[in-house]
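First up is the structure itself, then whatever we jot down about it.
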Number of protein chains: 2
Amino acid sequence: MEQAYIPHLSVDCVLFGFDEKQLKVLVVERDRLQEEDAKYHSGLLKIPGRLLFEEEYLEDAASSIIEELIGNESIPLQQFQVFGNPNRIKSPNDLLWLESQTKLPIKRVVTICFYALIKITDALTSTLNSHRAKWIPINEARGLAFDHDEIVREAYQHLKKELTASPLEFNLLPTYFTLNNLQALYEVILDQQFDNRNFRKKILKLPYLIETNKMETNVNHRPAKLYCFNEELYQKNKREMSLFFL
Amino acid sequence: MEQAYIPHLSVDCVLFGFDEKQLKVLVVERDRLQEEDAKYHSGLLKIPGRLLFEEEYLEDAASSIIEELIGNESIPLQQFQVFGNPNRIKSPNDLLWLESQTKLPIKRVVTICFYALIKITDALTSTLNSHRAKWIPINEARGLAFDHDEIVREAYQHLKKELTASPLEFNLLPTYFTLNNLQALYEVILDQQFDNRNFRKKILKLPYLIETNKMETNVNHRPAKLYCFNEELYQKNKREMSLFFL
DNA sequence: CCAAAAGTGTTTAGGGTACACCCATGC
DNA sequence: GCATGGGTGTACCCTAAACACTTTTGG
């Protein structure tokens, strides 16, 4: 049941990924067209997105865009901002590419943007190549096509604000993790350092953070205690846990 | 330079107004059409909005929608959410009305919503009647057309969140005002009571709140000191003044 | 003198921040 | 035994919150 596109409306997704060391963004390569004019340098990397179908829910569009790239995991994407300047698509090459993709005469596209943050896993990454998609570090996300630099920048601002206002989803770490893993996660995503002792004091108050009797292994230093995360308690308590960090 | 509408995209505005006692929302009456089917009760009040023109900036559309109703004051409207369910326009009467307005076959409209908060003045209100627009108290904004109940509800949530995260624009009060005026303003908008002494302590720390030597007059109780607001200091300090209230 | 709202200080408890050293393991 | 990161406690300050009475005006 393929539907017609709405030629003026697109959905774009900024998917952030954490690989236990860095914060990355998912981008896809767009084809370079023969007709392109070399003097217009327009990025060949873009964030995933496409025009909206006529009878499609916005959230469904966002999900399908991401699922096509990383498989069928359902990821809750959050709408954060619309980019709709009439001239947001400046480069002639970008326009050429859009028309070649959609077979529609494109004048102007208003794009509704979503974002999410997930854990980067090997399984996930293996499916990317076939779609010419890849993870790039957040601070290397420059020179993307269209106005995607700006979109990524804004999405990152939203992510940071959201993360300081409410606790993050814990599925960004392995099932068992150390408190220092958790601190590193916050530090990378918020781009901010925390005092180790104070961080532990705060984070241990979270009722859904469970201490296990497992230990790190195969490290050449004192092994750390492993913690895990109680989904049920998390769902129950996350509402009140806002404004946790400043 | 009239342009063509984009049939799938609209901009709607939730304009909140404070009249020194209540928080209100601006709504407009829509015509009842002869063809309407009485059995579908669809609201005859809606928030201001219209389809987007083909080459129009989103912000310009939002401004022009509001300026048409209340005159040429420039009000900074803030984009807050997109409502785009394919079936968000449920009532046949609403659809009829849309098509009669736009002369376009409307299937589905994705609407980008903006909001702002202003002071309700007499001058402002006098121009409303000719556009069949009016202010209604926020808690009476029920049974509006389309999904506008939901839009108003979400806008109000955003307003409250925004107001607790950063100081409000002071142009919601007369030039000279009492601290109790200010407290009443916060209490009405946030729908929350504050301790008078603690409120004063906090608010007096704001560097851009200036004590004058003027006094209230014509009140049959002890007259209050009047304060005013230093625009320049406000612009300079508002960034750091976040998270002021909880 | 009465009504009505303005204005004012103190105490307490909890949280944030800053800060330096010992511990357990692998090699 | 040494290198590496893991793990711990205290003191200070500041802020939030709770709380009740006196003051000044108009009528």
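One cannot find a donor-acceptor pair under 3.5 Å joining the base of C/dT25 and the side-chain atoms of A/K225. On a pure distance criterion of 3.5 Å, no polar donor-acceptor pair joins the side chain of B/N180 and the base of C/dA5. A/R197 contributes a side-chain N or O that forms a donor-acceptor pair with the base of C/dA20 under 3.5 Å.
With respect to A/R142 and A/D149, no salt bridge is recorded, no charged nitrogen being found less than 4.0 Å from a carboxylate O.
Taking atom CG of B/N196 as the reference point, atom P of C/dA4 lies 18 Å away to the nearest angstrom. When the P atom of D/dT15 is taken as reference, atom CZ of B/F199 falls 18 Å away, rounded to whole Å. When the P atom of D/dG6 is taken as reference, atom CD of A/E211 falls 16 Å away, rounded to whole Å. Atom pair A/M215:CE and D/dG5:P shows a separation of 18 Å (rounding to whole Å applied). One atom, NZ of A/K201, and another, C1' of D/dG9, lie 8 Å apart when rounded to the nearest Å. In this structure, B/N198 places its CG atom 11 Å from C1' of C/dG9, rounding to the nearest Å. The CG-P distance, from B/D195 to C/dT8, rounds to 14 Å in whole Å. Atom-to-atom, CD of A/Q193 to C1' of C/dC19 comes out at 17 Å; the value is rounded to the nearest Å.
Ranking D/dA16, C/dT25, C/dA5 by closeness to the B/R222 side chain, first place goes to C/dA5. Side-chain proximity of A/R200 to C/dA24, D/dT8, C/dG26: nearest is D/dT8. The side chain of A/H221 lies closest to D/dG6 when the candidates are C/dA5, C/dG16, D/dG6.
For A/E29 (side chain) and A/L44 (main-chain N/O), no donor-acceptor pair under 3.5 Å exists by modelled atom type. A donor-acceptor pair is defined here as one N or O able to donate and one able to accept, closer than 3.5 Å; such a pair exists between the side chain of B/E187 and the backbone of B/F194.
A side-chain donor from one of B/R50 and B/S64 sits under 3.5 Å from a side-chain acceptor of the other. Remark: the B/N181 side chain and the B/E20 side chain contain no N/O donor-acceptor pair separated by less than 3.5 Å.
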